[in-house]
Amino acid sequence: MASNLWMPSQNPEAVRWQQTIGRFDGYIFVVAEYNHSITGALKNALDQAYKEWNRKPFTAIGYGGTGAVRAIEHLRQIGVELQMVSTHAAVHIAGGDFVAVHPAFGNKPIEEIEANLLQSTATALDELVWWAKATMAAKAADA
């Protein structure tokens with residue numbers, strides 16, 4: 001199987017996905033950690049496009065036992081192969097945070113974990129906007 005960089009996709013759903021992805025200048029991935037990596041569904045979504053991801057930035061919000069640190073690191077490695085730019089900052093929601101606010105367990109108000117997430121969220125989003133502006137300007141200069 002070749003990426004759509006080398007051979008146009010034949011599947012209409014893949015083409016529709018590529019067109020959708022192509023309309024955006026940056027991405028926020030919500031990442032669940034599964035077996036120390038991203039989920040198969042996310043990997044498939046990434047693999048169904050190639051040139052549409054190129055030279056665009058992304059950040060991640062990860063959740064899992066360790067805040068999805070391994071999954072986000074794997075996502076960054078995949079992003080490099082897709083010629084993407086990763087933000088340095090990401091948001092990590094640890095298992096303990098998730099359990100604390102889950103209605104069936106801790107049922108605590110979100111404000112109890114929010115303070116830990118707000119700073120990393122603001123940093124990650126600020127970096128994403130900066131990289132989006134930088135990559136858009138670079139693409140415009142190349143045109």
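Predicted model only: the values in this text are computed from it and were never measured.
Atom CD of Gln119 is surrounded by 12 or fewer heavy atoms from other residues, nucleotides or ligands within 6.0 Å. Within 6.0 Å of NZ in Lys139 there are more than 12 heavy atoms belonging to other residues, nucleotides or ligands.
Closest of all the heavy-atom pairs between Lys56 and Gly22 is NZ-O, 3.3 Å. The shortest heavy-atom contact between Ser120 and Ala89 is O-CB, 4.4 Å. Here the shortest heavy-atom pairing between Pro109 and Val101 reads O-CG1, 4.0 Å. Nearest heavy-atom pair, Trp131 versus Pro57, reported as atom, atom and distance to 0.1 Å: CB-CB, 3.5 Å.
The backbone N or O of Ala100 sits nowhere less than 3.5 Å from a side-chain atom of Glu112 that would complete a donor-acceptor pair. Gln83 places no side-chain N or O within donor-acceptor distance of the main-chain N or O of Glu81, the cut-off being under 3.5 Å. In terms of modelled atom types and a separation under 3.5 Å, the side chain of Glu33 and the main chain of Ala71 share a donor-acceptor contact. Distance alone, capped at 3.5 Å, places no donor-acceptor pair between the Ser37 side chain and the Tyr34 backbone.
When side chains are defined from C-beta on, Leu42 counts as touching Thr39, because their heavy atoms get closer than 4.5 Å. Side-chain contact check for Phe29 versus Thr59: every heavy-atom pair is 4.5 Å or farther apart. Residues Lys43 and Ile78 have side chains in contact (heavy-atom distance under 4.5 Å, counting atoms from C-beta outward).
For Ser86 and Arg76, the side-chain atoms include at least one donor-acceptor pair closer than 3.5 Å. Side-chain polar atoms of Gln18 and Ser9 form a donor-acceptor pair below 3.5 angstrom. With no hydrogens or angles considered, a side-chain donor-acceptor pair links Glu52 and Asn4 at under 3.5 Å.
Both Val85 and Trp130 belong to a single network of hydrophobic side chains, linked directly or stepwise wherever heavy atoms of I, L, V, M, F, W or Y lie under 4.5 Å apart. Taken together through direct or relayed side-chain contacts under 4.5 Å among Ile, Leu, Val, Met, Phe, Trp and Tyr, Val91 and Ile110 form part of one hydrophobic cluster. In this structure, Met136 is not a member of the same hydrophobic cluster as Leu82, with clusters built from ILVMFWY side-chain heavy atoms closer than 4.5 Å. Taken together through direct or relayed side-chain contacts under 4.5 Å among Ile, Leu, Val, Met, Phe, Trp and Tyr, Ile93 and Val30 form part of one hydrophobic cluster.
Here Tyr27 and Trp53 bring their ring centres to under 6.0 angstrom of each other.
The side chain to side chain contact (heavy atoms under 4.5 Å, CB included) test with Thr87 is passed by exactly one of Ile28, Leu128, Leu125: Leu128. The side chain to side chain contact (heavy atoms under 4.5 Å, CB included) test with His92 singles out one residue from Thr66, Val31, Val69, and that residue is Val69. Of the candidates Leu117, Asn116, Leu118, Glu114 forms a side chain to side chain contact (heavy atoms under 4.5 Å, CB included) with just one, namely Leu118.
A distance of 9.5 Å separates CD in Glu111 from CD1 in Ile113, rounded to the nearest 0.5 Å. Between the CG atom of Asp47 and the CH2 atom of Trp17 there is a distance of 11.5 Å, given to the nearest 0.5 Å. The distance from atom CD1 of Ile72 to atom CD1 of Ile61, rounded to the nearest 0.5 Å, is 9.0 Å. Put simply, CG on Leu46 and CZ on Phe58 are 8.5 Å apart, with the number rounded to the nearest 0.5 Å. Rounded to the nearest 0.5 angstrom, Asp142 CG and Arg55 CZ are separated by 6.5 Å.
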>> Determine whether Glu73 and Arg70 satisfy the following criterion, salt bridge (Lys or Arg N to Asp or Glu O under 4.0 Å), listing intermediate values before the conclusion.
In response: CA-CA 5 Å; Glu73 187 61 27; Arg70 297 169 293 214; over 6 Å; no
